[in-house]
Asker: 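The structure under discussion is supplied below as structure tokens; questions concerning it will follow.
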Amino acid sequence: MSRFVVVGVDGSKAAAGALDWAVDDAARRRLALRVVVVRQPWVAEHPHSGVHESHTEQCQRLLEAAADRARARAPGLGTTTAMVTGAVVERLLTESETADTVVIGSRGLGGFAGLVLGSAGLGLAGHTRCPLVIVRGPVHVNHGEVVVGFDGSSDTDAAVAYALEQAGARGARLHAVYGRPYPRTAPHPAGYGPLPPEDLDLEERLLPWRERYPEVEVAGSVVLGHPAPALADASRDADLLVLGSRGLGGLAAAVLGSVSHAVLHRAHCPVAVVPLRGDPPSPPHPA
């Protein structure tokens, strides 16, 4: 099995939800699972005189507990573990170079109680070499729908391809949401990316994807207004929300677009941020 899902764990409730999501995803898509604990070298090996367990031993115990949880949830799943040393964001970025997907919780043990998205999520989103999935908490309801943000850009093509793979593995419907944030008469600010297409026919653009994935029901909807609240609202009844790292509305030099950034803070389900690497995976667009 050459493809695998990497999940970072740190003992937090959010990380436990991320672990469960990663186990289920790997099992559905017949991938291996790699459970990773990042040991930060600046943390004292023996932080308290009354604690007999060293920091390294704590990390190892956490790793073993996570692996046991994964194997209990999916007994036949190929599961490996790794304790790596360094900064969390840097080490998970390294993991993303060879992973199919990296999965993390929305907030770890070091996060502030009022934050929806922790520093690791903000540091990783848009920078990983593979899709990044951020899980806010335990997932108890199956809606049978994967939502993808659509704007006609090459980043969207990568996101749609990943969303269709996820929908196919789940036996779920794909719902493509196209938000038109700019009125036709509005000037396009200098320094931003390509102009949004004024006459994008969503049904026509989805047709090649329907032909490539005939087993997946594909629906589309056009929302007049900013796409961020529309996508956040659609996420209420979704099992996964998939976004491109940067679409047509983003600054040309930005790694994570403004829409993706806003949705990460508002979504009600796990969010996948899919980077564009190499040529877009889309079939040829109709003329």
Asker: Under a 4.5 Å cut-off applied to non-hydrogen side-chain atoms, are Arg205 and Tyr178 in contact?
Answerer: no
Asker: Return the minimal non-hydrogen interatomic distance between Val103 and Ala18, and the atom names on each side.
Answerer: CG1-O, 3.6 Å
Asker: Can you give me the closest heavy-atom contact between Leu174 and Val148, atom names plus distance?
Answerer: CD1-CG1, 3.9 Å
Asker: Using modelled atom types only, decide if a donor and an acceptor are shared between the side chain of Asp239 and the backbone of Val146 within a distance under 3.5 Å.
Answerer: no
Asker: Given side chains that start at C-beta, do those of Leu207 and Glu211 come closer than 4.5 Å, heavy atoms only?
Answerer: yes
Asker: Roughly how far, to the nearest 0.5 Å, is CD of Gln40 from CG of Asp10?
Answerer: 9.0 Å
Asker: Heavy-atom count check: over 12 atoms from other residues, nucleotides or ligands less than 6.0 Å from Glu203 CD?
Answerer: yes
Asker: Could you check whether any side-chain heavy atom of Asp237 comes within less than 4.5 Å of a side-chain heavy atom of His175, counting everything from C-beta outward?
Answerer: no
Asker: Looking only at non-hydrogen atoms, find the nearest pair between Pro131 and Thr128 and report the distance.
Answerer: C-OG1, 4.4 Å
Asker: Which heavy atom of Ser106 sits nearest a heavy atom of Ile134, and at what distance?
Answerer: CA-CG2, 3.7 Å
Asker: So do the side chains of Arg73 and Asp24 get within less than 4.5 Å of each other, counting heavy atoms only?
Answerer: yes
Asker: Between Val9 and Ala15, what is the shortest heavy-atom contact and its length?
Answerer: CA-CB, 4.0 Å
Asker: Walk me through it: do Phe150 and Leu206 pass the test side-chain contact (heavy atoms from CB on, under 4.5 Å)?
Answerer: CA-CA 10 Å; Phe150 192 92; Leu206 291 176; 4.2 Å; yes
Asker: Can you tell me how far apart CG (Asp25) and CG (Leu33) are? Round to the nearest 0.5 Å.
Answerer: 9.5 Å
Asker: Could you check whether any side-chain N or O of Arg129 sits under 3.5 Å from a backbone N or O of Thr98, counting only pairs where one atom can act as donor and the other as acceptor?
Answerer: no
Asker: Would you call Cys130 and Val102 a side-chain contact if the rule is heavy atoms closer than 4.5 Å?
Answerer: yes
Asker: Residues two or more places apart in sequence or in another chain: which of them pass side chain to side chain donor-acceptor pair (under 3.5 Å) with Arg170?
Answerer: Gln166
Asker: Would you say the side chain of Val218 lies within less than 4.5 Å of the side chain of Tyr213, judging by non-hydrogen atoms?
Answerer: no
Asker: Can you check whether Tyr162 reaches Val133 side chain to side chain, under 4.5 Å on heavy atoms?
Answerer: yes
Asker: Looking at Arg28 and Glu165, is any side-chain nitrogen of the basic one under 4.0 Å from a carboxylate oxygen of the acidic one?
Answerer: no
Asker: Out of curiosity, Leu63 CG to Arg61 CZ, how far, rounded to the nearest 0.5 Å?
Answerer: 11.5 Å
Asker: Check whether any side-chain heavy atom of Val271 lies under 4.5 Å from a side-chain heavy atom of Arg136, and answer yes or no.
Answerer: no
Asker: If only atom types and distance count, is the side chain of His143 paired as donor or acceptor with the main-chain N or O of Glu145 below 3.5 Å?
Answerer: no
Asker: Listed by chain and number, what are the side chain to side chain donor-acceptor pair (under 3.5 Å) partners of Asp100, not counting sequence neighbours?
Answerer: Arg3, Arg29
Asker: Just do the side-chain contact (heavy atoms from CB on, under 4.5 Å) check on His127 and Leu132 with the steps written out, would you?
Answerer: CA-CA 9 Å; His127 294 270; Leu132 171 73; over 6 Å; no
Asker: Rounded to the nearest 0.5 Å, how far does CG of Leu124 lie from CD of Glu90?
Answerer: 10.5 Å
Asker: For a quick test of reading the model, state the closest non-hydrogen atom pair linking Arg69 to Asp20 and the distance between them.
Answerer: NH2-OD2, 2.8 Å
Asker: At what distance, to the nearest 0.5 angstrom, does CG of Leu231 lie from NE2 of His226?
Answerer: 9.5 Å
Asker: Would you confirm whether Arg71, through its side chain, and Thr79, through its main-chain N or O, come within 3.5 Å as a donor-acceptor pair?
Answerer: yes
Asker: Roughly how far, to the nearest 0.5 Å, is the CZ atom of Arg39 from the CD atom of Gln58?
Answerer: 10.0 Å
Asker: Are the side chain of Arg34 and the backbone N or O of Ala82 linked by a donor-acceptor pair below 3.5 Å?
Answerer: no
